[in-house]
Amino acid sequence: MNLKYFEYIVIYLSVLVVCVVVGALARISFIGKGGDEYTANIVFWSITALSILFYAIIILFLDVIIVGFRKIFSKKNNSKNSTVDFIPTKNHENITIEQKEIIDDNTANQLIEDSKENIEDQTMEKVHLESIRKTQLQQKQQIEREKLQVAVDYTRNQFALYLKDEDLDALCDAVNLYSVKENILNNISVYTEDLTNLDLYHFGWNIWNHFRPIKQEEVSKLLKNVFVSLDDIDLESIKSHLKDEPKKGIIKIQENLADYQKT
């Protein structure tokens, strides 16, 4: 429903309630003075109707007065705005030129002010957009840092018992390079103890799944370049075995590394 109509309904309903209350009070007063019920009802409806009529007359009267005042003030304002300072001269052409100069000056000043306002608005919009981009970039970088930290923590937890400290650091560095899609050097040689190739495959799949949508070929290169036990296995073979027997081995398939960290 239109809000304006709702306001009208509230106003007129309030007036009607007041008029009914006045009529009811008149009826009660009439009965209190010994009047009969029938006449009291007539008094009630008469007073209610007269109250409504009185309210309508007041509104109409005030409306006429308000409209009259508006017309008077409107004429005064128009006469002030339309007044032009004429320069005393006998030449009518000179008066016209002076008027044109005044109008042109006012128009030019208005155009300059509008132009300044537009420039300020555009500048504020650009500053706002830059602020939004900066905030979104910071949020994106924060998410990437947290994602990398989860992967590094997972790597350390899985290999802490099976790698030397320097090898574990090299593996974490390789995971870091993989996350930003940089090439991993071939001079990393990590020897694992008590871990099978199946464990390494599962680790590779978990890292790939965490940093999706990087292709599985890239995580296969990571495994081959880092772990010595996979030197003689081609990339396609490594890729095809990444998710073999997901529940077997020391390192198992984890669908979500973040959830694994919580456990």
Side-chain angles (χ1 to χ4, degrees), residues 124-263:
M124 291 298 295
E125 288 179 0
K126 290 181 179 179
V127 171
H128 183 60
L129 287 174
E130 289 299 324
S131 176
I132 292 175
R133 291 192 184 99
K134 184 178 180 180
T135 301
Q136 290 181 343
L137 179 60
Q138 291 175 346
Q139 291 176 349
K140 181 182 178 182
Q141 291 174 343
Q142 179 64 25
I143 291 172
E144 291 175 349
R145 285 195 295 268
E146 291 176 356
K147 195 171 187 178
L148 174 61
Q149 189 60 49
V150 169
V152 171
D153 291 343
Y154 167 77
T155 301
R156 292 187 181 278
N157 288 334
Q158 292 297 307
F159 288 92
L161 296 178
Y162 310 104
L163 297 182
K164 298 177 181 178
D165 290 347
E166 57 270 20
D167 289 341
L168 185 55
D169 291 338
L171 177 57
C172 291
D173 291 340
V175 171
N176 188 6
L177 293 173
Y178 170 81
S179 68
V180 294
K181 301 179 183 179
E182 292 187 10
N183 293 328
I184 300 171
L185 301 177
N186 293 327
N187 60 354
I188 302 175
S189 297
V190 174
Y191 293 90
T192 58
E193 298 177 2
D194 300 327
L195 292 178
T196 65
N197 288 348
L198 181 64
D199 294 317
L200 303 182
Y201 295 151
H202 289 172
F203 169 75
W205 190 91
N206 293 338
I207 294 297
W208 166 81
N209 186 56
H210 184 67
F211 289 109
R212 294 174 74 171
I214 302 176
K215 295 181 179 179
Q216 287 188 347
E217 286 81 358
E218 298 303 319
V219 80
S220 300
K221 291 179 182 179
L222 181 148
L223 296 177
K224 185 175 178 63
N225 291 338
V226 171
F227 296 107
V228 175
S229 62
L230 301 178
D231 281 344
D232 298 331
I233 304 176
D234 60 87
L235 293 175
E236 285 299 323
S237 178
I238 294 175
K239 176 185 173 184
S240 63
H241 293 293
L242 289 177
K243 206 176 181 182
D244 285 354
E245 301 180 287
K247 298 299 181 181
K248 290 187 177 182
I250 296 175
I251 300 177
K252 297 177 176 59
I253 293 295
Q254 299 292 335
E255 297 291 343
N256 191 325
L257 295 188
D259 292 340
Y260 172 83
Q261 292 296 102
K262 293 177 183 179
T263 59

**Report entry** Greater than 12 external heavy atoms within 6.0 Å of Asn183's CG
**Finding:** no

Query raised in the report: Are more than 12 heavy atoms from other residues, nucleotides or ligands located less than 6.0 Å from atom CD of Glu193?
Result: no

Query - Pair Asn206-Tyr154, side-chain donor/acceptor within less than 3.5 Å - result: yes

Query - Carboxylate-amine/guanidinium contact Asp165 Arg156, below 4.0 Å - result: no

Query raised in the report: So how far is it from Leu222 CG to Ile184 CD1, rounded to the nearest 0.5 Å?
Result: 3.5 Å

Query raised in the report: From Leu198 CG over to Glu245 CD, what is the distance, rounded to the nearest 0.5 angstrom?
Result: 6.0 Å

Query - Least distance between heavy atoms, Lys239 atom then Gln216 atom - result: CG-OE1, 3.7 Å

Query raised in the report: What pairs with Lys215 under side chain to side chain contact (heavy atoms under 4.5 Å, CB included), at least two apart in sequence or on another chain?
Result: Glu217

Requested in this report: State the CG-NE2 distance between Asn197 and His241, to the nearest 0.5 angstrom.
Outcome: 9.5 Å

**Report entry** side chain to side chain contact (heavy atoms under 4.5 Å, CB included) against Asp234, all qualifying residues, sequence neighbours excluded
**Finding:** Glu236, Ser237

Query raised in the report: Looking at residues at least two apart in the chain, or sitting in another chain, which of them share a side chain to side chain contact (heavy atoms under 4.5 Å, CB included) with Glu255?
Result: Trp205, Asn209, Lys243, Ile253

Query raised in the report: Between the side chain of Asn176 and the main-chain N/O of Cys172, is any donor-acceptor distance below 3.5 Å?
Result: no

Query raised in the report: Ala151 and Leu257: which non-hydrogen atoms are nearest, and at how many Å?
Result: CA-CD1, 4.5 Å

Query - Pairwise side-chain contact, His210 with Leu148, heavy-atom cut-off 4.5 Å (strictly under) - result: no

Query raised in the report: Atom CG in Asp259, atom CD in Gln254: separation rounded to 0.5 Å?
Result: 9.0 Å

Report task. Could you tell me whether the side chain of Asn225 reaches within less than 4.5 Å of the side chain of Ile188, counting heavy atoms only? Result -> no

Requested in this report: Evaluate the side-chain proximity of Trp208 to Leu242: yes if any heavy-atom separation is below 4.5 Å, no if none is.
Outcome: no

**Report entry** Close side-chain approach of Gln139 and Thr135, heavy atoms under 4.5 Å
**Finding:** yes

Requested in this report: Please report the shortest heavy-atom distance between Tyr178 and Val219, naming the atom on each side.
Outcome: CE1-N, 3.5 Å

Query - Residue pair Ile250 / Tyr162, side-chain heavy-atom distance below 4.5 Å - result: yes

Query raised in the report: Side chains of Gln142 and Glu146: donor-acceptor distance under 3.5 Å anywhere?
Result: yes

Query raised in the report: Less than 4.5 Å apart, any side-chain heavy atom of Lys181 and any of Ile214?
Result: yes

Report summary line: Note: Asp199 and Asp194 closest approach over all heavy atoms is OD2-O, 4.4 Å

Query raised in the report: Who are the ring pair (Phe, Tyr, Trp, His ring centres under 6.0 Å) partners of Phe227, not counting sequence neighbours?
Result: Phe159

Report task. Taking salt bridge (charged side-chain N to carboxylate O under 4.0 Å, His left out) as the test, write out the residues that go with Lys224, two or more places apart. Result -> none

Report task. Show your working on side chain to side chain contact (heavy atoms under 4.5 Å, CB included) between Thr196 and Tyr201 and close with a plain yes or no. Result -> CA-CA 9 Å; Thr196 65; Tyr201 295 151; over 6 Å; no

**Report entry** Listed once per pair and sorted, the salt bridge (Lys or Arg N to Asp or Glu O under 4.0 Å) pairs that draw on residues 132-142, sequence neighbours left out
**Finding:** Glu130-Arg133

Query raised in the report: Mind checking whether Thr192 and Leu163 have side chains closer than 4.5 Å, heavy atoms only?
Result: yes

Query raised in the report: Under the 3.5 angstrom rule, does the side chain of Asp153 hit a backbone N or O of Val150 as a donor-acceptor pair?
Result: no

